[in-house]
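A quick write-up on the structure given underneath.
Labels below follow one simple rule: chain letters A, B, ... track the order of the sequence lines, proteins then strands, and each chain is numbered from 1.
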Amino acid sequence: MTVRSNPASRAGAVTAALLVGVGLLMIGSLGVGPVKLSPLTVMDALIGRGGDVPQIIVQQIRLPRAILALAIGAILGLSGAALQGLLRNPLASPSLFGAPQSAAFGAVLIIALGWADVRSYALPVAGITMAFVSVFVLLSVAGRSASLLLLILAGLAISSLAGAATALVMNLSSNPFASLEIAFWLLGSLEDRSFRHVALALPFIVVGAALLLSQRAAFRALSLGEETAQSLGVDVARLRLIVIVGVALGVGGAVSVSGTIGFIGLVAPHLVRPLIGHDPARLLIPSALAGSALLLAADIAVRIIPSTTDIKVGVLTSIIGVPFFLYLIVRQRRALGGGVA
Amino acid sequence: MSTPAFLVARDLGVILSGRDVLHGVSLQLARGHLVALVGPNGAGKTTLLRALAGLVESRGEVRVGGDALAALPLRERAKRFGYLPQGHLVHWPLPVRDVVALGRFPHGATDPARLSPRDDEAVARAMQITDVVQFAERSVTELSGGERSRVALARVLAVEAPVVLADEPTASLDPRYQLDVMQTLRRAADAGALVIVVTHDLGLAARFADTVLVMAGGKLAAQGTPHQALSDDILRQVFRVSAYRADYQDSGVILPWAGV
């Protein structure tokens with residue numbers, strides 16, 4: 001084996017650094033809230049030492065929230081990197097394609113129809129189904145060319161439709177807290193999540209991530225276009241299906257407990273590209289870790305930023321994500337103007 | 001042909017969005033030959049190439065190395081065909097060496113940073129033949145069109161497949177690079193590969209090919225040595241041109257001269 005030092009080892013170093021960062025943010029997330037806890041107290045509480053109160057706060061209240069931020073951020077970052085690899089397009093991401101919005105609609109519909117309560121597995125299943133439908137429709141509409149403009153327009157249409165449908169279902173329901181609920185599903189939040197929510201989302205996130213990671217080598221071959229990838233032995237049709245299923249499982253599972261949290265999937269791969277290059281296979285795991293770090297940081301920030309009411313974490317990621325998206329569009333202007341990536 | 005045929009097509013046909021773009025094509029081609037595939041625009045040259053490699057659904061039968069193509073798993077097909085499409089597209093700014101290393105993908109080398117000595121050797125050899133070693137660590141997107149097309153050719157040669165299918169590898173290259181590319185493919189054929197090159201340049205076809213296949217309207221209009229297949233009659237009927245002919249340095253020169 002000849003191992004080249006450059007990109008692979010750099011990816012390793014970046015991955016290690018991101019792991020450390022995510023670990024620190026986890027501790028931060030466990031320490032931040034109405035009761036501030038020092039990192040040492042957090043560590044003690046985690047391993048069952050120190051007072052009862054810090055233990056309950058850390059283990060029962062904040063740990064599920066931190067685990068969800070970690071897992072959801074990871075699957076969003078990974079889904080973004082996988083979609084960007086599949087479509088060879090740096091502007092691809094689940095939220096721009098309307099996947100989380102559609103998943104939220106699926107979950108809301110189940111609740112409004114009274115088919116299940118908010119802690120049932122019917123929720124993630126509905127979310128996953130709608131996420132699958134949205135990505136499938138999007139890729140069918142955009143066709144094989146995967147032109148930038150088509151994808152973004154179709155994604156805009158799907159996410160608007162899903163958002164409107166969610167609001168409509170909430171409006172029509174007899175739920176007295178409808179407007180609050182709409183805010184939750186459309187804006188996304190990790191507040192007051194329990195281990196029940198972790199159990200609800202995590203299995204789907206793990207399976208989705210495993211599916212996406214299993215295709216890593218194929219993304220690399222796809223750098224040369226679909227036809228060449230096929231000639232190198234990649235079954236492109238099967239790859240597409242696996243990626244759609246993986247993204248739907250992960251994003252659908254995540255959304256059913258957190259609501260719509262946008263733009264992590266778009267931003268995360270771009271943060272790691274300058275560090276480790278453009279190889280779409282090598283980007284997957286660092287993008288997942290960057291996604292975790294972003295969502296953990298955003299979820300800490302909403303608890304630190306002084307405000308009269310709670311800021312939803314999805315609002316914060318969008319406020320950061322949308323200007324970033326605009327910046328990417330400016331950078332891609334030439335490709336967009338031509339209509340073809 | 002004296003040597004046994006390695007690539008055989010029987011009554012090959014392709015229908016694309018309801019249009020019959022290829023029909024009744026039968027071929028027998030042996031290793032060690034450079035085959036030029038020529039024909040006017042829209043004659044079905046690219047479609048034939050894709051059908052031979054199994055990249056498009058087709059009627060009829062293709063056999064490669066004695067096996068029916070349809071029965072071969074994708075990975076096994078990929079080892080037998082090095083396919084160079086038009087355009088030499090690379091979607092991400094990857095280092096040249098990583099792009100060339102993708103040629104080892106069918107052999108199980110999916111990570112360019114971890115190549116076996118055997119794969120490493122094939123990549124190095126392909127880069128040497130195409131003279132791209134000096135760009136190895138540079139991004140493909142920084143290269144000129146001519147340089148990029150050599151990288152694409154290196155990627156195909158790195159497969160070390162018995163059959164090389166190249167779709168207009170000389171398009172948009174300056175004369176020197178065109179000659180270099182054809183020379184490289186000629187050498188691959190001399191080393192035992194079956195090389196099929198789509199080209200619009202009848203002069204290059206006549207100069208480098210052992211066999212010329214002439215396509216028109218989705219069918220084979222002629223096949224044979226350059227002398228036979230590019231006769232005055234064929235040029236007039238298929239290409240609607242007349243050509244200037246000469247002999248230079250022991251090979252036939254054909255230069256399309258006027259429309260007829």
*With only heavy atoms counted, which part of B:R118 is less than 4.5 Å from chain A, the side chain, the backbone, both or neither?*
neither

_Can you tell me which of B:G103, B:P106, B:A161, B:A152 forms the most heavy-atom pairs within a distance under 4.5 Å of chain A?_
B:P106

*In terms of heavy-atom proximity below 4.5 Å to chain A, should B:R104 be classed as side chain, backbone, both, or neither?*
neither

*Is there a donor-acceptor pair closer than 3.5 Å between any side-chain N or O of B:R63 and the backbone N or O of B:V8?*
no

*Got a sec, which residues hit side chain to side chain donor-acceptor pair (under 3.5 Å) with B:Q86, two or more places apart in sequence or on another chain?*
B:T46, B:D167

*Can you sort out the partners of B:S17 under side chain to side chain donor-acceptor pair (under 3.5 Å), two or more places apart, ordered by chain and number?*
none

*asked:* Quick check on A:A281 against chain B: is it the side chain, the backbone, both or neither that has a heavy atom closer than 4.5 Å?
replied: neither

_Worked verdict on B:D119 versus B:R114 for salt bridge (charged side-chain N to carboxylate O under 4.0 Å, His left out)_ = CA-CA 9 Å; B:D119 293 323; B:R114 291 184 183 77; over 6 Å; no

*Pair A:D279-A:R220, salt bridge (charged side-chain N to carboxylate O under 4.0 Å, His left out): steps then yes or no*: CA-CA 7 Å; A:D279 183 325; A:R220 192 175 273 136; 2.8 Å; yes

*Look at A:G233, A:G85, A:G225 and state which one has the largest set of heavy-atom pairs under 4.5 Å with chain B.*
A:G233

_Sole residue of B:R80, B:R77, B:K79 in salt bridge (Lys or Arg N to Asp or Glu O under 4.0 Å) with B:D67_ = B:R80

_Can you tell me which of B:V90, B:L102, B:V140 forms the most heavy-atom pairs within a distance under 4.5 Å of chain A?_
B:L102

*Return the option, out of B:P85, B:G54, B:A53, B:P93, with the maximum number of heavy-atom pairs under 4.5 Å with chain A.*
B:P93

*Could you check which of B:D111, B:V56, B:L94, B:T110 has the highest count of heavy-atom pairs closer than 4.5 Å to chain A?*
B:D111

*What distance separates B:L173 CG from B:R148 CZ, expressed to the nearest 0.5 Å?*
12.0 Å

*Part of A:R273 lying under 4.5 Å from any heavy atom of chain B*: side chain

*So what's closer than 4.5 Å to chain B heavy atoms on A:A218: side chain, backbone, both or neither?*
backbone

